[in-house]
Amino acid sequence: MIRYWAGARAAAGVAEEWVAPGTIGELVVGAGERHTALAAVLPVCAILLDGLPVRSDVAVPAGAVVEVLPPFAGG
């Protein structure tokens, strides 16, 4: 599952979606293709796998949660 937060959620138009297994990179590319407005946001987003930052070549196991977090301001 991919879960989108804040501006990534607004750009995707959905809060979360189920996707086929693959690598982080494949899932991110696929998300950008499905949600064209999201493609502009993805390059600045942090990508987490089950709460931990990951590289694009990491395989996503079944049942895992990938989170897309855009940069945000706050204190």
Hydrophobic cluster membership, [X] vs [Y], 4.5 Å side-chain cutoff:
X   : Y   : result
L42 : V65 : no
V58 : I47 : yes
V54 : I2  : yes

Identify, with sequence neighbours excluded, every residue that meets side chain to side chain contact (heavy atoms under 4.5 Å, CB included) alongside [X].
X   : answer
P43 : none
E26 : T23
V60 : I24, L27, L49, A64, V66

Problem - side chain to side chain donor-acceptor pair (under 3.5 Å) partners of E17, counting only residues at least two apart - result: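 Checked E17 against side chain to side chain donor-acceptor pair (under 3.5 Å); matches are Y4, R34, H35.
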Exercise for the section: Could you pull out the closest heavy-atom pair between P70 and A6, with the gap in Å? Expected result: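 Here P70 and A6 meet closest at CG-CB, 4.0 Å.
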Exercise for the section: Would you name the heavy atoms of C45 and A8 that are closest together and state the gap between them? Expected result: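 Where C45 meets A8 most closely, the heavy atoms are SG-CB, 4.5 Å.
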Practice task
Give me the other members of the hydrophobic cluster that L69 sits in, counting Ile, Leu, Val, Met, Phe, Trp and Tyr linked by side-chain heavy atoms under 4.5 Å, directly or via other members.
Solution key: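 L69 shares its hydrophobic cluster with W5, L48.
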Handout entry: Pairwise salt bridge (charged side-chain N to carboxylate O under 4.0 Å, His left out) hits with a residue in residues 37-57, at least two apart
Key =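 Listed once each, the pairs are R55-D57.
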